[in-house]
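On a predicted model such as this, the values are computed, not experimentally measured, just so you know.
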Amino acid sequence: MKIVQANSGVLTNFDVLKFLESRGASEDSARVFSDVTPSENKVYDYLFGTPARGQTTENINEFKEKCKKYDLAEAEVLNIINTRPSSIVGIYPLIENCDLRLGDTVEELVELVVEVFPPHPPAMTVENDAKTTNVEKMFESKFIMFYVIHSFRFYVYMR
């Protein structure tokens, strides 16, 4: 394996979701026969329940253009895209020194997020051993999923 260009950019959850779909990941029960590894399927299942499911490349590019006036760091923009906060309370943890840097424009930023990105996907349920469990309960260990996603992003960069 050869690294063509190290650290050429960051990946959004949408990018990882589309990459996994291109490799054959899906919610289809026949996915057992695809070339996707079980860990990739778990990442796909997790990301399918996040705002990345409803996003498009156009949404993301439009948001990146419109939010330039807020002078946000690339990581802050990435976190906003991945989490799609719909309130001021959701924005504050994502932006360092939010009060000092944005002041009253925080509300404008929230309105921009709500305007550009589609709403969160409805809560999904998964049939498991004849009982229905909420996907959020299925992935209680968010740290593990965070680690798996970021490890996968590193793997994609290395390819």
Review point. What is the minimum heavy-atom distance between Asp71 and Arg101, and which atoms define it?
Key: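 Smallest interatomic distance, heavy atoms only, reads O-NH2, 3.1 Å.
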Point to revise | With Phe117 via ring-ring contact (aromatic ring centres under 6.0 Å, His included) - residues at least two apart | key: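 ring-ring contact (aromatic ring centres under 6.0 Å, His included) check on Phe117 returns Phe63.
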Practice item. Give the C-alpha distance, both sets of side-chain angles, the deciding distance and a yes or no for side chain to side chain contact (heavy atoms under 4.5 Å, CB included) between Arg84 and Thr50. Key: CA-CA 9 Å; Arg84 195 216 173 269; Thr50 66; over 6 Å; no
Any donor and acceptor pair, going by atom type alone, linking the side chain of [X] with main-chain N or O of [Y] inside 3.5 Å?
X	Y	answer
Asn59	Thr56	yes
Glu40	Thr37	yes
Asn82	Asn13	yes

Check your understanding: Do Gln55 and Ile81 come close enough that some side-chain heavy atom pair is under 4.5 Å?
Key ->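 The answer is yes, as the side chains (C-beta and beyond) meet within the 4.5 Å cut-off.
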Review point. Under the salt bridge (Lys or Arg N to Asp or Glu O under 4.0 Å) test, which residues partner Glu74, sequence neighbours left out?
Key: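 Once residues adjacent in sequence are excluded, Glu74 has no partner under the salt bridge (Lys or Arg N to Asp or Glu O under 4.0 Å) criterion.
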Under 3.5 Å, sequence neighbours excluded: what are the donor-acceptor pairs made by side chains of residues 86-97?
residue, atom, partner, partner atom, Å
Ser87, OG, Gly90, N, 3.4
Tyr92, OH, Asp99, OD1, 2.5

Less than 3.5 Å apart, which donor and acceptor atoms pair up between the side chains of residues 103-116 and the rest of the protein, not counting sequence neighbours?
residue, atom, partner, partner atom, Å
Thr105, OG1, Leu102, O, 2.5
Glu115, OE2, Lys66, NZ, 3.2

Point to revise | Set of side chain to side chain donor-acceptor pair (under 3.5 Å) partners for Lys18, sequence neighbours left out | key: Glu21
Point to revise | For Asp15, side chain to side chain donor-acceptor pair (under 3.5 Å) partners two or more places apart | key: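 In terms of side chain to side chain donor-acceptor pair (under 3.5 Å), with neighbours along the sequence ignored, Asp15 is linked to Thr12.
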